[in-house]
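In what follows, chains are A, B, ... by sequence order, proteins preceding strands, each numbered from 1.
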Amino acid sequence: MTTRKVRVRFAPSPTGPLHIGGVRTALFNYLFAKKHGGDFILRIEDTDSTRFVKGAEEYINESMEWLGMTIDEGVKQGGDYGPYKQSERREIYKKYADQLVATDWAYYAFDTPEELDALRAQAEAEKKTFAYDMHTRKGLKNSLSLSENEVKQRMEAGEPWVIRFKMPENTEVKTNDMVRGSVTFNTNTLDDKVLYKSADQLPTYHLANIVDDHMMDISHVIRGEEWLPSVPLHIMLYRALNWEDTMPQFAHLPLILKPTGKGKLSKRDGDKGGFPVFPLNWQLEDGIAAGYRESGYFPEAVVNLLALLGWNPGTEQELFSMDELIQLFSIERVNKSGARFDPDKARWFNQQHLVRKSNEELAELFQAELKERGHERENGYVSEVVGLIKERVNFVSELWEQCSFFFEAPVEYDAKVVKKRWKGDVPAFMTELMPVLEQLDTWQADVIKAAIAEQIEAKELGFGLVMNAFRLALVGGGFGPDLMTIAEMIGKEETIQRLKAAVENIG
RNA sequence: GGUCCCUUCGUCUAGUGGUUAGGACGCAAGGUUUUCAUCCUUGAAACAGGAGUUCGAUUCUCCUAGGGACUGCCA
């Protein structure tokens, strides 16, 4: 086998936001390309003029950029194999569509969508299935059944037509899929797919992808399992075009399934399950579809969790950087069966990546929210705070609720904690504690602790009871990092102030 | 319905012709943190079923069942 340069493409159609199944396909293509020192190409498959959605192409680019998948060739990046947008390659497809008709691998068909719908409906009523195929094509309106003259007349009259592939009879088509192994089909069960439509002068996906993959010298086609059934058509197309010797190798990825219930993950599952299905937010007519970015996920966490949906390196390592993934990725280790998406584990991945980030980096991310809340604090202080609490959160957005007391006094006190901890001699003790703290010259955690301990001993009170009440006063609840550290960080005046406020306001 | 694909704990998965079938998420219990979270320990939890091959199948083969995808002038 000659060594061919690895060139793979991610080929989404700009019909809306990219969904994470598509993102994972892109990721596996990217990992495969980089692993083998190859090229990662982004091709826009906009051959359905009726489904074009404004902004979708930009969304795709932005998503790839956010996730750190660098595109080597594409509409924005350029490259030697352009154009990378199918709607700009019309003449190319037309040429090959014509060639297929000329070589008797395809034919013109004039049946309207309405007529075909009617045939399908009729067949269904009889509990049968209608297919435009080798068994029915003779009875339909096409250049195989109509006279040459009539075909000419219809075309000259401007009647819309399509070009359909003339699927040969009884031919075994075998493919050696990189993830599934050998898969065999028989052409007898295949239909005559539309290859080209006169209405918008564009090919359908099938023709376009074969022509482009060939012309762009794509070495491997890595795509979702939903494409497996069209593999025989694609192979026949390569054969018909005489390109079979340079046909790319196929790899069909398992689907990502819904967290619960049946079927593949769909755009709606996110709302129902409370997790994002898209990389970035997407504006809908009636609201927004949540994106991972806006939901607080780190791109590296998304990449990590997606990589492990259907692939694993065979070791017990679960946390990876993009570079490690590139290093370790191998298409042979991709699973065959569909993987259910687990929102809980997705959060866990984010938490793991969050904990691994430096306090400084997290502090910087957190500063935006702090400013919004009116707190201008230097990075050093914020970093220290973040370091104390980062292990309690999954997202940067959860930081505030865990550490607001480092920035402002509690405005209310957790009723449950009040009931449990703020009773008996406690309020009186707190009042007596204030002057003691006031007298401290050194405001450090251990010093404060010693002073309080001494006081507790003198009064013969329970350590736990007092400390929890003290926490309630400083924090407003029964949570947070080490209490003495909190006291030290907010300072002597503030600590006494909060004690005072608690005594006055609770009860 | 037809074609094709798939099947190990609830979920993501490792794994082998002979293993106490391993890990992770989640769940439960205990410990640490004088509290919460983290963390640590422990626990419950799986080879879809049936034949066959074999001294021996979770592993190989076949069948059944279940699940999935496709079945558009969508991609």
Side-chain angles (χ1 to χ4, degrees), chain A residues 11-15 22 45-51 109 111-113 116-117 120 123-124 127-133 160-164 177 179-181 183-186 188-191 193-200 202-206 208-209 223-232 252 254-255 257 259-260 262-264 305 308-319 333 335-349 351-352 355 389-393 398 402 414 417 420-421 462-468 471-472 475 477-483:
Chain A
S13 63
T15 54
E45 308 232 328
D46 55 345
T47 53
D48 186 351
S49 45
T50 65
R51 294 213 310 163
D111 318 83
T112 66
L116 296 174
D117 282 347
R120 281 189 194 98
E124 198 172 337
K127 296 206 169 177
K128 282 188 248 172
T129 314
F130 169 78
Y132 206 121
D133 61 14
W161 47 264
V162 298
I163 290 174
R164 280 182 184 271
D177 192 276
V179 341
R180 271 146 225 287
V183 184
T184 310
F185 304 84
N186 187 296
N188 280 351
T189 62
L190 271 22
D191 59 353
K193 282 276 183 280
V194 171
L195 260 23
Y196 191 90
K197 47 225 155 90
S198 68
D200 53 9
L202 280 167
T204 60
Y205 168 82
H206 300 294
N209 109 84
R223 73 231 294 198
E225 189 190 337
E226 67 268 28
W227 294 107
L228 199 51
S230 43
V231 163
H252 288 89
L255 265 12
L257 275 14
T260 56
K262 295 176 171 187
K264 70 171 169 178
L305 75 93
L308 255 40
L309 231 38
W311 173 86
N312 76 82
T315 63
E316 284 179 358
Q317 184 181 353
E318 297 214 81
L319 271 6
R333 290 203 62 91
N335 283 304
K336 295 182 174 80
S337 50
R340 236 180 238 283
F341 181 80
D342 183 352
D344 280 334
K345 198 149 187 182
R347 280 187 281 275
W348 177 79
F349 274 113
Q351 188 249 117
Q352 293 296 310
V355 169
I389 57 147
K390 68 176 180 180
E391 279 168 2
R392 300 153 193 266
V393 302
E398 292 171 354
Q402 289 296 331
D414 187 320
V417 182
K420 196 173 169 194
R421 313 290 190 186
F463 205 87
L465 185 70
V466 170
M467 293 310 266
N468 282 301
R471 174 179 291 279
L472 179 66
V475 170
F479 64 98
D482 179 66
L483 191 51

Q) Between G464(A) and L308(A), which is nearer to the 5' end of RNA chain B once each is assigned its nearest nucleotide? A) L308(A)

Q. Starting at the 5' end of RNA chain B, which residue's closest nucleotide do you reach first, N468(A) or F341(A)?
A. F341(A)

Q: Tell me what T112(A) touches on the nucleic acid: a base, only sugar-phosphate, or nothing, going by heavy atoms under 4.0 Å.
A: base

Q: Run the salt-bridge test on D342(A) and K345(A) with the 4.0 Å N-O cut-off and return the result as yes or no.
A: no

Closer than 4.0 Å, any side-chain N/O of [X] to the OP1 or OP2 of [N]?
| X | N | value |
| --- | --- | --- |
| R120(A) | C73(B) | yes |
| K193(A) | C74(B) | no |
| N312(A) | U13(B) | no |
| N335(A) | U13(B) | yes |
| K262(A) | G67(B) | yes |

Please tabulate, one pair per line, each protein N/O and nucleotide N/O from nucleotides 36-39 of chain B that are separated by under 3.5 Å, including the distance.
unit_1, atom_1, unit_2, atom_2, d
C36(B), O2, R392(A), NH1, 2.7
C36(B), N3, R392(A), NH1, 2.5
C36(B), N3, R392(A), NH2, 3.4
C36(B), N3, G480(A), O, 3.4
C36(B), N4, R392(A), NH2, 3.4
U38(B), O2', E391(A), OE1, 3.0

Q.
Suppose we call a contact any N or O donor and acceptor under 3.5 Å apart; does that hold for the side chain of T129(A) and the base of G2(B)?
A. no

Q) Is there a donor N/O on one and an acceptor N/O on the other, under 3.5 Å, for the side chain of K345(A) and the base of A24(B)? A) yes

With the criterion being N/O to N/O and under 3.5 Å, what pairs connect the protein with nucleotides 43-48 of chain B, and how long is each?
none

Q: Identify the nucleotide, in any strand shown, that forms a Watson-Crick or G-U wobble pair with C74(B), with both distances under 3.5 Å; if there is none, say none.
A: none

